[in-house]
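Within every chain, numbering begins at 1; the chains are lettered A, B, ... in the order of the sequence lines, protein sequences first and strands thereafter.
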There are 2 protein chains.
Amino acid sequence: MKKGLTITYDEYMLKFKGLIKSLGLNNSVQREYVLKILFDCDNHLSAEDIAKKVKDVHNINIGIATVYRILALLEELNIIKGISIDGFESKVYELNLTSHHDHMVCVECGKIVEFYDAEVEKIQELVAIENGFKLQSHNMMLYGICKDCQEHE
Amino acid sequence: MKKGLTITYDEYMLKFKGLIKSLGLNNSVQREYVLKILFDCDNHLSAEDIAKKVKDVHNINIGIATVYRILALLEELNIIKGISIDGFESKVYELNLTSHHDHMVCVECGKIVEFYDAEVEKIQELVAIENGFKLQSHNMMLYGICKDCQEHE
DNA sequence: TTCCCTGCAAAGGATTTGCATACAA
DNA sequence: TTGTATGCAAATCCTTTGCAGGGAA
C-alpha cells in the first residue's frame, strides 16, 4: 500500500475503472499501467519517464502520444497533477492522492521535497480577495540547494 | 520616469552600458532597444512581443534568436526576470527594477497582477531551513478569475 | 457493429545553435 | 584588426494532431 494511504491499488483501480465507465469511456491496459506506475512511484515522472517505465515494468509497447493523451485525461479528471519546474525540460506528474502540497527543488541535483503550510494557503486566499480574484489554484516552487549538495561543495 | 522609480532611463542605460563594458562585452542597439522596451512597458512580454515592439517602435530589424540571446544575458545578469505561466505558451519577461513580488493570473483573460507579502517570504525561508535547503529563489503563481471576468459570466 | 483508443509519423511551437557577415572598440 | 554580436536558417526538444488499424462493449 502506498505510504500514508488507506487505499490499496486494487480499490483505487476499481474506483478509476468505474469513473472511466461512468464517462462513457473505455478502459485499456495503457491507462491502467500509466496509473499504476504513478501509484507505485514516489518520484515525479515526466511523460517519457512513464513511457519507459510502462515498457520496462509491464513489458508492453506504448506510444509517447498515448502517454500524453492519458496524462491529459487524468489531469482533466483531477486524478493527477502536472507541475512545471524551472530548469527541467519537461513537465512532471504526480498522483493527487495525498492532500495539497507545494514543492521545493534542489537546483543542483533536482531533488524534489514536498511541503505544506496552512498559513501560506490562508494568505493566498487573502491576497486573492484583496485583488477581487476568485482563487482557483496556485503553484508555489521554492528553489535552493539541498543539504547533500551543500556538503558536496 | 517609470512608475515608482527614482532612476531615469538615461541613468539606467548608462549603468547598463558600464556593466556591459566591465564584462568585456560590446554594446549594441539591439541590446539597448530590448532593454528600453522592457523599461517602458508595464506588461510582461514574451520574446516575440519584444521582437515585434523593437521592430515597430524603433524601426529596425532584429532576429528572434538575438532577442533570446539578449534575454538570456539580461537574466544571467539579474537585470530581468523570466516567468513561466501555466497556460501561456511562452515565457514572459519583466525588469527587475521594482522589489521582489509574486504574480496572480486571471485564467480567463490572462491579466497579471503583482503582489508582495512579507509573511509568505518569511515562511518560505522557514520551510527551507526546516528541510535543510539553502533558499535561492522562489516562484509563486496564483491562478483565478479576476473581477472583470467574474462579472462577464 | 459502433465508438473509443492506440501507435506511428508528421506537424507545431518555443527556443537554441551553426555559420557567415557586420559591427564595436 | 580582433573578437563580439547579429541575422538567417536549420536543428532541437517537448507536446499535439491526423489517420488508419485494433480493441472494448
Open item on the list: Checking Asn131(B) against Leu142(A) for the side-chain contact (heavy atoms from CB on, under 4.5 Å) test, could you report, in this order, the C-alpha distance in whole Å, the side-chain angles of both residues, the deciding distance, and whether it holds?
Closed with: CA-CA 11 Å; Asn131(B) 290 277; Leu142(A) 303 188; over 6 Å; no
N/O to N/O distances under 3.5 Å, protein versus nucleotides 21-23 of chain C:
none

Task: Which nucleotide in dG7(D), dT6(C), dT4(D) has an atom nearest any side-chain atom of Leu25(B) - done: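 Nearest listed nucleotide: dT4(D).
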Can you see if the side chain of [X] gets near the phosphate of [N] - specifically, an N or O under 4.0 Å from OP1 or OP2?
X        : N       : value
Gln30(A) : dG23(D) : no
Arg69(B) : dT16(C) : no
Ser46(A) : dC14(D) : no
Thr66(B) : dG7(D)  : yes

TODO: Determine the contact category for Ile20(B): base if any of its heavy atoms lies under 4.0 Å from a base atom, sugar-phosphate if only primed atoms, P, OP1 or OP2 are that close, otherwise nothing.
DONE: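 Nothing: the residue Ile20(B), judged by heavy atoms under 4.0 Å, touches no strand.
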Task: Strand-adjacent residues in residues 48-63 of chain B, judged by heavy atoms under 4.0 Å from DNA chain D - done: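 Close to the strand are Asn61(B), Ile62(B), Gly63(B).
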TODO: Mind running a 4.0 Å heavy-atom check of residues 81-90 of chain B against DNA chain D and sending the residues that fall below it, in number order?
DONE: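 Correct list: empty, so none.
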Open item on the list: Quick one, Asp117(B) and Leu126(A) - any side-chain contact, counting heavy atoms below 4.5 Å?
Closed with: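 They are not in contact (no side-chain heavy atoms under 4.5 Å apart), so the answer is no.
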Open item on the list: Contact between Arg31(B) and Leu35(B) at the side-chain level, heavy atoms closer than 4.5 Å - yes or no?
Closed with: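 When only atoms from C-beta onward are counted, Leu35(B) and Arg31(B) do not touch, as no gap falls below 4.5 Å.
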Open item on the list: Could you go through Leu95(B) and Phe39(B), starting from their C-alpha distance and side-chain angles, then the distance that decides it, and tell me whether this counts as side-chain contact (heavy atoms from CB on, under 4.5 Å)?
Closed with: CA-CA 7 Å; Leu95(B) 231 52; Phe39(B) 192 93; 3.7 Å; yes
Open item on the list: Quick check: on DNA chain C, is the nucleotide nearest Lys21(B) upstream (toward 5') of the one nearest Ala65(B), or the reverse? Name the residue that is more 5'.
Closed with: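 Going by which nucleotide is closer to the 5' end, it is Ala65(B).
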Can you find a side-chain donor-acceptor pair between [X] and [Y] that sits under 3.5 Å?
X         : Y         : value
His103(A) : Asn139(A) : no
Glu108(B) : His152(B) : no
Glu94(A)  : His101(A) : yes

Task: For Val107(A), the option from Asp86(A), Ile145(A), Ile85(A) that meets side chain to side chain contact (heavy atoms under 4.5 Å, CB included) - done: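 Checked Asp86(A), Ile145(A), Ile85(A) against Val107(A); only one passes side chain to side chain contact (heavy atoms under 4.5 Å, CB included): Ile145(A).
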TODO: Measure from NZ or CZ of Lys36(B) to the centre of the six-membered ring of Tyr9(B), then state whether that distance is under 6.0 Å and the direction lies within 45° of the axis.
DONE: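 Yes, Lys36(B) lies over the aromatic ring of Tyr9(B).
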- [ ] Decide if atom NZ of Lys111(A) counts as having more than 12 heavy atoms of other residues, nucleotides or ligands within a radius under 6.0 Å.
- [x]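 More than 12 within 6.0 Å, yes.
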- [ ] Spell out, as yes or no, whether a donor-acceptor pair under 3.5 Å connects the side chain of Gln30(B) to the backbone of Val67(B).
- [x]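 Not a single qualifying donor-acceptor pair exists.
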